[in-house]
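Read the structure below first, then the notes.
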Amino acid sequence: MSMLPVGKVLAFAAQGERRCLGVRRAGRRLVCPYGAVLDGASARDQCARCAQLDRSRSVAADTMADDPRPYGVYLAYFGPGLLKVGITAVERGPARLVEQGAVAYAWLGRGPLMAARRAEALLGSALAVPDRFAKAAKRAARGVLPPVPDRVAELDQLHCSAQELAGWPETLQPVEFACADHTELFGLDRIPGDVVELGGMTSGAEIVGEVLTGVGSDVYLRLATGGEAEGAEGEGAGEREGVRERGGAGDAGSGWAGGVGAVGLAGRAGGAGRFGGGVAVMDARMLSGWVLGAAVGRVTTVPVRAGGPGAGEREGEGMGRQEGLF
């Protein structure tokens with residue numbers, strides 16, 4: 001799947017019902033045996049039974065402790081005071097940080113899975129460093145980010161405190177501090193101060209807008225206004241399920257390497273200045289499981305919720321499970 005480049009015009013509609021994407025086994029996706037219908041307002045792309053089956057053999061759920069791969073412990077920065085600890089397989093490189101929309105990050109240590117888990121737990125108990133944040137907090141922080149040197153300093157301070165802790169796992173090799181910043185990769189300077197939030201899709205609902213940038217699973221769109229999107233013609237409309245596979249750092253040259261595959265139903269801009277309906281943020285995970293077709297209208301018809309700097313979302317949403325896989 002290709003990435004969504006900046007300036008791409010999306011014009012698509014949800015068709016039918018949103019269906020569970022099933023489970024992944026041996027590198028293949030198996031269709032949900034229950035044919036479950038999903039809530040269009042949820043970021044979850046599986047029914048409860050398929051999700052339970054997936055988590056029966058999952059590092060995230062601590063049900064795969066025998067994974068022989070080496071793991072990295074990282075510190076991720078999302079905004080002032082928003083620093084978390086996490087782990088990811090070393091072979092994945094920075095993909096996990098890109099998927100989460102981390103503004104900046106630094107590696108803390110590398111070693112066996114259980115040693116990485118112990119270090120993660122140690123930071124939580126000794127330094128009160130969380131292992132996740134609600135999407136609302138992440139979005140809101142993007143509108144009030146301090147200069148890069150301030151982010152580096154905050155990460156560096158936590159990195160030093162973490163490596164000085166007593167009880168550091170002996171098999172976990174410490175990693176010298178080095179900060180990686182995603183300002184340019186995500187195009188954070190293209191996110192305006194006033195952003196609204198797109199709600200969940202329903203059958204027949206349409207989204208028409210021009211891609212400004214993407215951060216993790218969030219897509220920022222400049223929405224079309226009535227009569228201005230003429231010429232935004234759906235391309236590749238067909239029986240294609242929504243975005244599901246995420247991963248990899250993407251192509252930095254595309255202007256957005258947010259880890260979300262392109263929907264495949266893009267339009268062609270009919271000229272400059274046709275998208276002046278304000279900026280909205282959409283969680284692309286809410287497209288998973290829909291069959292997407294070309295939009296027939298010229299404006300976005302999904303519900304819009306009031307936002308703010310970077311836009312937040314309903315309190316507590318996104319806290320129920322760890323995003324993505326390790």
Side-chain angles (χ1 to χ4, degrees), residues 59 67 69-133 137-138 141-142 144-189 213-216 246-259 322-326:
V59 172
D67 189 343
R69 296 177 298 173
Y71 275 76
V73 183
Y74 61 80
L75 299 175
Y77 175 97
F78 296 94
L82 295 181
L83 282 85
K84 60 155 280 186
V85 61
I87 71 172
T88 184
V90 170
E91 65 188 33
R92 296 203 66 206
R96 178 83 180 120
L97 286 305
V98 174
E99 290 168 355
Q100 294 182 83
V103 173
Y105 71 92
W107 295 107
L108 187 59
R110 293 189 178 93
L113 171 59
M114 296 315 294
R117 273 292 192 218
R118 286 195 296 274
E120 184 182 41
L122 179 63
L123 265 69
S125 60
L127 299 177
V129 182
D131 63 358
R132 68 196 69 191
F133 290 111
K138 294 181 184 179
R142 292 170 198 154
V144 292
L145 290 173
V148 173
D150 292 352
R151 307 173 203 170
V152 175
E154 194 169 353
L155 267 173
D156 190 13
Q157 182 178 5
L158 180 57
H159 190 278
C160 289
S161 298
Q163 291 198 338
E164 291 172 355
L165 287 173
W168 183 265
E170 292 182 2
T171 55
L172 194 72
Q173 178 183 0
V175 176
E176 186 177 346
F177 178 75
C179 178
D181 190 88
H182 284 157
T183 299
E184 184 176 349
L185 184 70
F186 288 149
L188 294 173
D189 57 349
T213 192
V215 182
R246 300 184 303 279
D251 176 10
S254 70
W256 173 32
Q322 191 115 341
E323 298 173 10
L325 298 177
F326 292 87

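Just so you know, these numbers come straight off a predicted model, no measurement behind them.
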Report summary line: Between the SG atom in Cys179 and the CG atom in Asp156, the distance rounded to the nearest 0.5 Å is 9.0 Å
Query raised in the report: Would you say the side chain of Leu188 lies within less than 4.5 Å of the side chain of Thr213, judging by non-hydrogen atoms?
Result: no
Report task. Scan residues 150-174 for pairs that pass ring pair (Phe, Tyr, Trp, His ring centres under 6.0 Å), counting only residues two or more places apart or in two chains. Result -> His159-Phe177
Report task. Taking the side chain as every heavy atom from C-beta outward, state whether Leu123 and Leu165 have any pair of such atoms under 4.5 Å apart. Result -> yes
Query - Residue pairs fulfilling salt bridge (charged side-chain N to carboxylate O under 4.0 Å, His left out) with at least one residue in residues 162-175, sequence neighbours excluded - result: none
Report summary line: Arg118 meets the side chain to side chain contact (heavy atoms under 4.5 Å, CB included) criterion, sequence neighbours left out, with Met114, Ala115, Pro169, Thr171
Query raised in the report: Under the 3.5 angstrom rule, does the side chain of Glu154 hit a backbone N or O of Gly81 as a donor-acceptor pair?
Result: yes
Report task. Output the distance between atom CG (Asp150) and atom OH (Tyr77), rounded to the nearest 0.5 Å. Result -> 7.5 Å
Report summary line: Nearest heavy-atom approach of Gly216 to Phe186 is N-CE2, 4.0 Å
Query raised in the report: Thr183: what forms a side chain to side chain donor-acceptor pair (under 3.5 Å) with it, not counting sequence neighbours?
Result: Arg151, Asp181
Query raised in the report: Think Lys138 forms a cation-pi with Phe133, using NZ or CZ under 6.0 Å from the six-ring centre and within 45 degrees of its axis?
Result: no
Report summary line: In this structure, OH of Tyr74 is separated from CG of Leu155 (nearest 0.5 Å) by 12.5 Å
Query raised in the report: If only atom types and distance count, is the side chain of His182 paired as donor or acceptor with the main-chain N or O of Gly101 below 3.5 Å?
Result: no
Requested in this report: Could you tell me which non-hydrogen atom of Leu83 sits nearest to which non-hydrogen atom of Pro130, and how far apart they are?
Outcome: O-CD, 3.5 Å
**Report entry** Within-4.5 Å side-chain heavy-atom neighbours: Leu158 and Leu127
**Finding:** yes
Report task. Just jot down the side chain to side chain contact (heavy atoms under 4.5 Å, CB included) partners of Pro149, sequence neighbours excluded, or say none. Result -> Pro147
Query raised in the report: Closest heavy-atom contact between Gly111 and Leu172?
Result: N-CD1, 3.5 Å
Report task. Any chance you could measure Gln100, atom CD, to Lys84, atom NZ, to the nearest 0.5 Å? Result -> 3.5 Å
Report task. Check whether any side-chain heavy atom of Arg110 lies under 4.5 Å from a side-chain heavy atom of Val175, and answer yes or no. Result -> yes
Query raised in the report: Would you say the side chain of Trp107 lies within less than 4.5 Å of the side chain of Thr88, judging by non-hydrogen atoms?
Result: yes
Requested in this report: Check whether any side-chain heavy atom of Pro146 lies under 4.5 Å from a side-chain heavy atom of Pro80, and answer yes or no.
Outcome: yes
Requested in this report: Return the minimal non-hydrogen interatomic distance between Gln163 and Leu108, and the atom names on each side.
Outcome: NE2-O, 3.0 Å
Query - Those residues that, when tested against Glu91, pass side chain to side chain donor-acceptor pair (under 3.5 Å) (two or more places apart) - result: Arg69
Query raised in the report: Checking Glu99 side chain against Pro94 main chain: does a donor-acceptor pair fall under 3.5 Å?
Result: no
